[in-house]
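Okay, structure first, notes after.
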Number of protein chains: 2
Amino acid sequence: MEAEQAAVVAPMFKALGDPVRLRLMSMIASVPEMCVCDLTPAFDLSGPTISHHLKVLREAGLVDSERRGTWVWYRVKPEAFRQLGALLDLPATTAPTTA
Amino acid sequence: MEAEQAAVVAPMFKALGDPVRLRLMSMIASVPEMCVCDLTPAFDLSGPTISHHLKVLREAGLVDSERRGTWVWYRVKPEAFRQLGALLDLPATTAPTTA
DNA sequence: CGTCTAGCTTGACAGATGTCAAAACAGGGT
DNA sequence: ACCCTGTTTTGACATCTGTCAAGCTAGACG
C-alpha cells in the first residue's frame, strides 16, 4: 500500500478505533437511517460529546447526515465500507452490517 | 454491538488508524513473514518509532513476532482479520442514498 | 415575535499519542 | 572477551483526543 492510499484509509480505521464511535456506527448501520435523538440516550455521555463523535465519523466519510425539520438523520455510506472490506481481503459485498 | 464487544474490537481498528501502521500491516500481510530490518528502511522514521508502531500492532492482536537469531520476524494473525472482516462484511441493509 | 426542543460549536482541560535521542538488550563474529 | 549490528525500552516533549459546560443555531409552534 502506498503512503497516499494509507493517508486516505487510515482516518476511516481511526474513526472506528473508539468504542463509542464503533457502537454509533453499529447502531446507524442496523437501520436505514437513525436520528441523533435516538443515538444520544444510548450512551452515558453528554450531547456535545456524541455530536463530536458523529462529526469524526462524517469527516472520515463513513456516514452522511441530513437535517429534516427538527431532527438530524444519519446513515452509513456503503462505499466506504466496501473500501475497508476490500483491504481486509473480503469478498466485496455491498453494505455494512449490524455488527 | 454491545459496549463490551466494542471495547475489544475498537483497539484493533485504532491500531490500523495510523498511516504508518497501516502500511506496516500491508507490508507484513503481503508475505508469509517480514523482517523488521526490511520494514524500517521503507519509512522516513527512526528505528524506535517503527518499533513502537509494531508494538501497538502486536498488543492489538493483529500480528505476532518471533526472534530468530539476529533478526525479528513479524507475521499477521489471520483470526484477527477474520473478526474485523465479519464486522464490515454483511448483507445490505443499506440506506436510501440521498447523497 | 417569543419560546421551546434538538443539535452543533466553542473553550477548556486532563490524558493519550507519535516522534526522537539515548541507553539497554540480544546475538553473531572476530 | 570484545565489539558490531539489529531491535526494543526509556525518557522527554509537542501535538492530538475525548470529555464537559456554556453558549449558539435551526426549525416548529403558538
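Per chain, numbering begins at 1; letters A, B, ... match sequence-line order.
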Expected string for nucleotides 7-19 of chain C under the B/S/- scheme (protein heavy atoms, under 4.0 Å, primed atoms plus P, OP1, OP2 as sugar-phosphate) is SBB-------SSB

Taking atom CD as the centre, does A/Glu4 end up with more than 12 heavy-atom neighbours from other residues, nucleotides or ligands that are less than 6.0 angstrom away?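 Not buried by this count: 12 neighbours or fewer within 6.0 Å.
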
Indicate the atoms forming the closest heavy-atom contact of A/Ile28 with A/Tyr74, along with that distance.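 Smallest interatomic distance, heavy atoms only, reads CG2-O, 3.6 Å.
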
Drop me the distance from A/Leu57's CG to A/Met12's CE, to the nearest 0.5 angstrom.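 Answer rounded to 0.5 Å: 12.0 Å.
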
Got a sec, which pairs hit salt bridge (charged side-chain N to carboxylate O under 4.0 Å, His left out) with one end in residues 6-21 of chain B, sequence neighbours left out?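 Of all non-adjacent pairs touching residues 6-21 of chain B, none passes salt bridge (charged side-chain N to carboxylate O under 4.0 Å, His left out).
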
Do [X] and [Y] make a side-chain contact, defined as non-hydrogen atoms from C-beta onward lying under 4.5 Å apart?
X       : Y       : result
B/Lys77 : B/Leu62 : no
B/Met27 : B/Met25 : no
B/Gln5  : B/Leu87 : yes

Using chain B heavy atoms and a threshold of under 4.0 Å, write down where along DNA chain D the contacts begin and end, 5' to 3'.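 The contacted stretch runs from D/dG6 to D/dT9.
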
